[in-house]
Structures are given as C-alpha cells and as structure tokens.
Protein chains: 2
Amino acid sequence: MATPTIRDVAREAGVSTATVSYVLNDSRRVAEETRQRVLQAAQRLGYRANIIARNLQASETRLLGYTWRPTPPDQFNPILDQFLNAIAQAAARHEYHILTFPTTSIEEEIAIYREMVLTGQVDGFVLSNTNLDDPRVRALLEIGFPFVAFGRSNPQWDFPWVDVDGVHGVVLATQHLLERGHRRIGCLAWPEASLTGQYRLEGYRRTMAEAGLAVDPAWIMRTENTYEDAYRTACAMLSLPSRQRPSAIIALSDLMAIGAMNAAADLGLEVGRELAVVGFDDAPVARFLRPPLSSLAQPIPEVGERLATMLIDLVNGRQPAEPHVLLKPTLVVRASSAFRYTE
Amino acid sequence: MATPTIRDVAREAGVSTATVSYVLNDSRRVAEETRQRVLQAAQRLGYRANIIARNLQASETRLLGYTWRPTPPDQFNPILDQFLNAIAQAAARHEYHILTFPTTSIEEEIAIYREMVLTGQVDGFVLSNTNLDDPRVRALLEIGFPFVAFGRSNPQWDFPWVDVDGVHGVVLATQHLLERGHRRIGCLAWPEASLTGQYRLEGYRRTMAEAGLAVDPAWIMRTENTYEDAYRTACAMLSLPSRQRPSAIIALSDLMAIGAMNAAADLGLEVGRELAVVGFDDAPVARFLRPPLSSLAQPIPEVGERLATMLIDLVNGRQPAEPHVLLKPTLVVRASSAFRYTE
DNA sequence: GGCCATTGTTTAAACGTTTAACCACAGGCC
DNA sequence: GGCCTGTGGTTAAACGTTTAAACAATGGCC
C-alpha cells in the first residue's frame, strides 16, 4: 500500500535501480527489451519518482517563492488572481511550482528571504510592487540569489525585471482625453516616493507639454492609494472655480478613480458627460461601474509569464535573453470618458 | 561560499554530525560544554539545516497544495487574496507553506492531485468551492490522502470541512429587509445544482415562511454567477407589474448584486430609496459602490485559519477536534438597504 | 588468439539530514 | 574486583533518487 520506490520497480523488473532510473529519465541507452520490462514494471506498480528525493539529489527544490502584503480593507488588489495564475502556469510548464507565504512588512520579508535561501527552501523569488531603492532588491542582490521583479527600482542596479510602461499608459490616456476635447485635465497622483507614480505622472506631463498646454499646479494632487484619500482629494480638485476645474481626471489606479467618480457624483457632476475619468489597472469591477470606467489594462498574464520564464532561466544558470522588459498597457475606453467634451 | 552542511558544523565543533543534530533539535541530552561549542560553531558558519534533506529523512514536505480556477473576465474573486493569506499565515505558524498551482478544469485538478500524491509533492490539500457530490472530494477520499474543504459536498461522505452558514446569512438579510418594511422580496439565485446556492436560497424561503409571507414564484430567478446574466435577470424581475414587483432583492453574490443595481438604475429605479439590494461576500468594492452595497461578510480569515490547522492536524495523524465547522456570516448594512420602505 | 571498441548493465557513492543502536567511561554499590 | 547504571558521545543506516565509474559480454579486426 505504501507508495512504491525505485527499488520496488527494480526488483519487479529484475534489474538494478540504476537501469530503472536510466529508462525512466531516458538518460542513457538501454536495450529495448529491458526498457520494456522496466516500463511495464513501473506501470504495474504505479510508480512515480519521489520528488523530494530527486530534489535532494539535484540539490534544487523546483519551487519559486512569492509573497505579497495582504490588502488592507480600504483597498483592493485587482491583479493578484491573474498574476498568481500567470506565474504558476508558466512555472508549471517547466515543472516548477509557486510557494506562497505571508509577510507583514518589508523587513520581515527580507528576513524570510534570507532564511529561505539558507534553508534551501526555494530556488528563486518573484518580487512585486518594487519601489525606488527597494531594500528587498538590494538584499537579494547582495545575497546573490536568483530573483526577478515586477517593477523597476534603481537604474544603477542590475537585476532582471518586467514592468508595465506607466509613461506610455498615461500618454495614451491623456491623448485620448485631448482628442475628446478636454483641455483642463487633472491627475490624481501618488506620493513622490512612488517610482511607479513618477512614471505615470511623467506620461501626463509630457503629453500636456507636447500639446502645448500649461498645467495648472492645482491639477496635480498627490495622495496615498486609498479610496478615502482619493475621494477627499478629488473633492478638492473638483471644487476649484469652474474656469479652473478640470473637465477630466486621470487617476493612477482604479481605486482612486472610483473615489473620483464618487466625489464627482456627490458634487453633482455627471461623470461621462460633464467629467471624464480614466483609471489604471482595469480592475474587473471597472466594467460594472456606473458609468463603466475607462482604464489602462496591464498585460498581467504576459508579465507573469515573462517573469516566471526569466526566473527559471536564471535558476538554471542561463542568462535570460531579455533581462529588462517594458510592456505596454492598453487603453480600454468606456463610458466614463468616451463622450466628446465641449465647453 | 557554498552553504555549510551539518558536516561542516561538526568539523568546526570537533564533534560528530549526530551530536550537532541533537543539539540543534534539542532531541537529546548533550553536555552543556559541548552544546555551547556546537551552537557557536553553527552560529559562526551561519548554518541552517537544509529543508529538503530534512524532509526526505522525515518523508514529508511540509507543503499544503491549493489550486483555484482563474476567474473569468466577467466575474471577480472577492476572497482569494484574504483566503490565501489566511491559510498561508496559519500554515506558517506550524512551519508549513502553501504550494499553489493552476488548473483549468475539475478533471485536470483531480489528475494533478493524483500525480502530486504519487510523487509526494505535498502533505495535504485545501479544496475550495466544493459542490454537491464533488468529484474532487470523492477522489481524495478514495485515495485516502489528507485534505480539507472550504464548503460541504455530500452529507453521506465523511470528510473535514469548514463552511459559512449560507442559510443563516440569508436569514439575516431577509429579516433585515422585513424589518425595513419590505414585503415583496426577490431572490437572485444560482442554478439548482449549486449546493451553496441551495443553502442560501433556503434561508430566504424559511424566513419568508416564518413571516407568513407567500413567495411569488416570479420572485425567485436563477442564473449563473455572472454579471451579464444577473443584469438581464434582474431586468426581468424588475419589469414585473408594479404590484408584483419586489421592493427588495437579495442576490447570492455581490457580483450579481451589482448586476441588479445597474438593472434598477437603467429601469429608472433608485436603489436605496425605491429598491433595496443586498449582496453576499462583502467584496472590497461593495463599500465603494453608489449607493454602497449591503452585503453578507464571510469570516474568511477564520475559515482559512481553521482549514489550515485542521489539515495540519490530519497530516500529522491527529484527528481534528472539530472536523465540521459552520461559521456565521455577518450582515453589513449599507445605504443600498438601510432605508425604511413604505408602499 | 589477442586487442579494442561498443553496448548494456551493475555497483556504489552522493545529496544532507535524523536517529536507532552501539560504545566508552565514570561512579556507586555489593 | 565485578557488576550495574547513567551520561555523553559516535557509528552507521536510512530516507529515495541520480549518476560516475566499473564491469561483463560481444563482435570485429589484424
């Protein structure tokens, strides 16, 4: 009843364990007749090689570690599901699996990385949500352990990453709004410390400049990525005198976009007619909002796919073909910004 | 530079590997002086026992497997984040970790379970989203491998599960609506095949019966758990003649509740004044909707916590103290149903 | 017939732990 | 002095693979 080992198969086939291993892994020439005997014996016993034993021998785990901070109740994580799935799927294709573990702070996260490296629990790590001078990146570079990151960190540091081009995304959004007739466009941005926030804001600034439009400083307001903050800040922006008030708002996340939409509604402004709103992330719920929210969709499946294969390359000592990948988001236009705006 | 093994520590401390192991695991009396020498040697070398080797020796993996179907684009998964975190956290407390892997169908899922059991890749499984006569439950019972399920399946089958009491949840919701003056209450339900759907609907039926109210068959409409279906179905329900039309709708999920809210809006009915809507799951977005959506919150952290500890008990051959746990959801009342209704 | 190459198989070490079984020694007791 | 007990340590097997190295048998060639 206990699961059969390679020894059982060897006995059953009247052959040594080495031969069994060679047959099953196709790693050496074996006489056809013997081959068949072994295969049949394995089949009969329902034998499958034990993974831990194999891993010990190969001194690898075929596990990739991933952790993320649990989402606080005033936010939501629109991509975890897709992201996790994408990396797990790509990993599975190479017979790797994802090991998830919870962490509550960056410090704890780093401590656990160290511990896992030392105990040999995983072969590499996937980081997400990196920031400027991210201490996790620094730590892993210093340890010299394989990892890849969803997001950039410090141009000086050489490590493999995949990121979504925030500049390009917001350029698309801004151009789209300009096309629809908007001239006063506001941006609900993140604190300056956020690298992702910097890129996205840059897209806005650049496009406005190229269009020859001056940006009123009151049109750029920074807040934390929470609904409440975004709501309050949008209220402030929309309470500007009517000649100064933006007719369109780009929010750096869908969560904040929802805050803006609700602020507008509470101030008696109709989103989709008097005010345009565009978000970022294309959260599943964006389609279901009233009006449906335009948003920048990140190619999360491809991000995950690329990260996983890059990491597997690294783990196996291969230099990834493209260690820095910048993918383009696509703008999904919905009713919140589809209308033509006229003064 | 290579990570040190127990042999290195033994050499460094001038002692055998057995002694090192005994000291580090506190599994036998060792003279204090030797103990210190070993501890210091280990410290000096930064030694940590290799997990794979330990696992091979103990023939365990300290991994718990979990898989879920990626959410299709017309739905969302409001609890994955929390759930995964809860089980990972509880598991970590006992030095277990979660292994995630993707599957695209129930059949594939079962095949992978079989494979993982045979190759000894995990010590047990966490199932979620179980249904009546769930084939996964049947397969794992037949294999005789440790698992726990979030959700019930077949009263005849004896297996450990944790579930949220759907009957009680919808009883709460229905009572709440009755209290606010509603008499014609509709229910957006799931296809009959859904066990969870059966329980929830039962809560509605029971409460209506206890209140002595006859349920018009047109008030119960079944659809798949998608936004589009829910929207269409809600339109149908709200297009009933005004004396027959429900003044309140209980939807079996927040996704469907959103469909109902939008249907109402499109038919010119004001949710929160003319129509009450209550959902189920308390998705993060429920708070941000307009009006904010009342919903039944599932105690997901506790579900995950219980499941993980139950599974770890099982894996270690202990009978879980409570193998069947039914937790109560709580009703979160928000503006979508807080108002008092009068004809 | 001796030598060599080729083919097919086995032997045994290795991966890094844990742990049962054994051993050495000291002290106490008769 | 012999025996027993307790203490503190070591030896070696085991977990289940993979794989380098050794070995045996066969056939071809000079």
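Order of the sequence lines fixes the chain letters, A, B, ..., with proteins taken first and strands second; residue numbering starts at 1 for each chain.
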Measure the spacing between CG of B:Leu39 and CZ of B:Arg44 and express it to the nearest 0.5 Å.
-> 11.0 Å
Which nucleotide, C:dT17, C:dT18, C:dT11, lies nearest any side-chain atom of A:Ala18?
-> C:dT11
Is the shortest side-chain N/O distance from A:Asn25 to OP1 or OP2 of D:dT18 below 4.0 Å?
-> yes
Of A:Tyr22 and B:Thr34, whose nearest nucleotide on DNA chain D comes first from the 5' end?
-> B:Thr34
Sole candidate of B:Tyr113, B:Trp68, B:Phe147 that passes ring-ring contact (aromatic ring centres under 6.0 Å, His included) when paired with B:Phe125 = B:Tyr113
Roughly, in whole Å, what's the span from CD in A:Gln57 to C1' in D:dA14?
-> 16 Å
Of C:dG16, C:dG8, C:dT10, the nucleotide closest to the side chain of A:Ala31 is C:dG8
Measure from the ring center of A:Phe83 to the ring center of A:Tyr66 and say whether it is less than 6.0 Å.
-> yes
Per nearest nucleotide of DNA chain D, the residue lying toward the 5' end, B:Ser59 or B:Ser16, is B:Ser16
Length of the CD-P vector between B:Glu60 and C:dT17, whole Å = 15 Å
d(CD1, A:Ile6; P, C:dT10) in whole Å = 12 Å
B:Ser21 vs C:dT18: side-chain N/O to OP1/OP2 distance below 4.0 Å | yes
Reckon B:Arg29 touches a base, only the sugar-phosphate, or nothing at all at heavy-atom distances under 4.0 Å?
-> sugar-phosphate
Between B:Val20 and A:Glu32, who's closer to the 5' end of DNA chain C by nearest nucleotide?
-> A:Glu32
Is the side chain of B:Thr19 donor-acceptor paired with the backbone N or O of B:Val15 at a distance under 3.5 Å, no angle test?
-> no
Minimum-distance nucleotide (side-chain atoms of A:Arg28 versus D:dT10, C:dT9, C:dT18) | C:dT9
Any idea which of D:dT18, C:dG16, D:dT10 is nearest the A:Thr17 side chain?
-> D:dT18
Using a 4.5 Å cut-off on heavy atoms from C-beta on, say whether the side chain of A:Val162 contacts that of A:Val148.
-> no
Here the distance between atom C1' of D:dT17 and atom CD1 of A:Ile52, to the nearest Å, is 11 Å
May I have the distance from A:Asp26 (atom CG) to D:dT19 (atom C1'), rounded to whole angstrom?
-> 15 Å
Between D:dT18, C:dG16, D:dG16, spot the one nearest the side chain of B:Thr5, thanks.
-> C:dG16
Take atom CG of B:Asn55 and atom C1' of D:dC15, then tell me their distance rounded to the nearest Å.
-> 11 Å
When rounded to whole Å, the CZ to P distance for the pair A:Arg54 and C:dG16 reads 18 Å
Could you check how far CG of A:Leu56 sits from C1' of D:dA14, rounded to whole Å?
-> 12 Å
